[in-house]
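Please read the structure below before turning to the comments.
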Amino acid sequence: GAIVGKLTVWVSNFPRSIGGISVTFSDDYIVTMGRASFASFDNQTLTTSPPERIDFEFEKNDRLRIFKICSTEDGKYLAYVSISTTAGNELEVGACLDPASTQEFDVSDGVLAGFVALTTTSIKSLAPLTRQKRFCDDGEDWTEINDRCYYNSGT
């Protein structure tokens with residue numbers, strides 16, 4: 001099955017939160033949670049601007065090592081996401097202003113297969129869906145079925 005290949009995250013300034021996440025799967029299917037297009041209000045200059053956009057791509061055979069989230073101070077929205085992978089890549093987006101609301105998930109070096117999320121126009125909560133995946137040899141002679149590798153003898 002398809003796994004997550006890329007994340008695009010949009011961060012709002014006011015309230016400081018994750019406004020939307022677009023997930024691109026390895027089969028090029030795209031799902032967007034929350035909003036990808038919204039005006040971000042800057043409280044200091046009293047102006048609006050496009051939200052901050054952060055792209056994160058997983059490398060081939062990459063697995064999760066750490067997946068953490070944090071809520072906004074009022075607990076209503078997702079404020080921060082931190083991901084670390086076995087390939088050494090890291091994504092830290094948003095700001096955790098309420099460390100007591102930090103939640104770290106046991107991802108057990110699993111592959112990110114998707115998310116469970118509660119969303120409206122913003123993301124209220126987020127949890128990773130992971131699975132263990134065996135990666136076959138890169139050669140064309142190998143086929144993966146139900147997370148098992150089989151040698152294709154051509155017959």
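The cluster map of Ile, Leu, Val, Met, Phe, Trp and Tyr, joined by side-chain heavy atoms under 4.5 Å apart, puts I21 and V31 in the same cluster. By the rule that hydrophobic residues join a cluster once side-chain heavy atoms approach within less than 4.5 Å of another member, I123 and V11 end up as members of one cluster. Put simply, Y80 and L78 are part of two different groups of oily side chains (I, L, V, M, F, W, Y) that touch within less than 4.5 Å, one to the next.
Looking at heavy atoms from C-beta onward, I54 lies in side-chain contact with L91 at the 4.5 angstrom threshold. The side-chain heavy atoms of T8 and W10, taken from C-beta on, include a pair separated by under 4.5 Å. In this structure, the side chains of I66 and E104 come closer than 4.5 Å at one or more pairs of heavy atoms. At a threshold of 4.5 Å between non-hydrogen side-chain atoms, the residues L7 and V23 count as touching. Proximity of I69 to T102: side-chain heavy atoms (C-beta onward) are nowhere separated by under 4.5 Å. Under the 4.5 Å side-chain criterion, counting only non-hydrogen atoms from C-beta, N89 is in contact with E59. Proximity of S71 to K76: side-chain heavy atoms (C-beta onward) are nowhere separated by under 4.5 Å. Contact check for R65 versus D109: side-chain heavy atoms found under the 4.5 Å cut-off.
Interatomic distance, CG of D62 versus CD1 of I83, reported as 10.5 Å (0.5 Å rounding). A distance of 11.5 Å separates CE in M33 from CG in L118, rounded to the nearest 0.5 Å. Rounded to the nearest 0.5 angstrom, S84 OG and R63 CZ are separated by 14.5 Å. To the nearest 0.5 Å, the span separating CD on Q103 from OG on S125 amounts to 9.0 Å. From I18, atom CD1 reaches atom OG1 of T72 across 10.5 Å, with rounding to the nearest 0.5 Å.
Here the closest heavy-atom approach between residue P128 and residue L112 is recorded as CB-CD1, 3.9 Å. Shortest non-hydrogen contact noted between S22 and I30 is OG-CG2, 3.4 Å. Contact record, D98 with C70: O-SG, 3.4 Å, taken as the closest heavy-atom pair.
In this structure, the side chain of S82 does not engage the main chain of K68 through any donor-acceptor pair within 3.5 Å. In this structure a side-chain-to-backbone donor-acceptor pair under 3.5 Å is missing from S17 to Y77.
Ionic pairing of R53 and D55 is present here: one or more N-O contacts between side-chain nitrogen and carboxylate oxygen are shorter than 4.0 angstrom.
Applying the side-chain contact (heavy atoms from CB on, under 4.5 Å) criterion to D27, with sequence neighbours excluded, gives A2, F25, Y29. With sequence neighbours excluded, the residues satisfying side-chain contact (heavy atoms from CB on, under 4.5 Å) with L129 are V116. F58 meets the ring-ring contact (aromatic ring centres under 6.0 Å, His included) test with F56; sequence neighbours excluded.
The aromatic rings of F115 and F67 lie tilted to each other, with the angle between the two planes from 30° to 60°.
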- request: Check the pair E52 / V93 against side-chain contact (heavy atoms from CB on, under 4.5 Å), numbers first and verdict last.
  value: CA-CA 10 Å; E52 179 183 5; V93 60; 5.8 Å; no

field: side-chain contact (heavy atoms from CB on, under 4.5 Å) between R35 and S122, worked out
entry: CA-CA 6 Å; R35 292 182 296 172; S122 292; 4.2 Å; yes

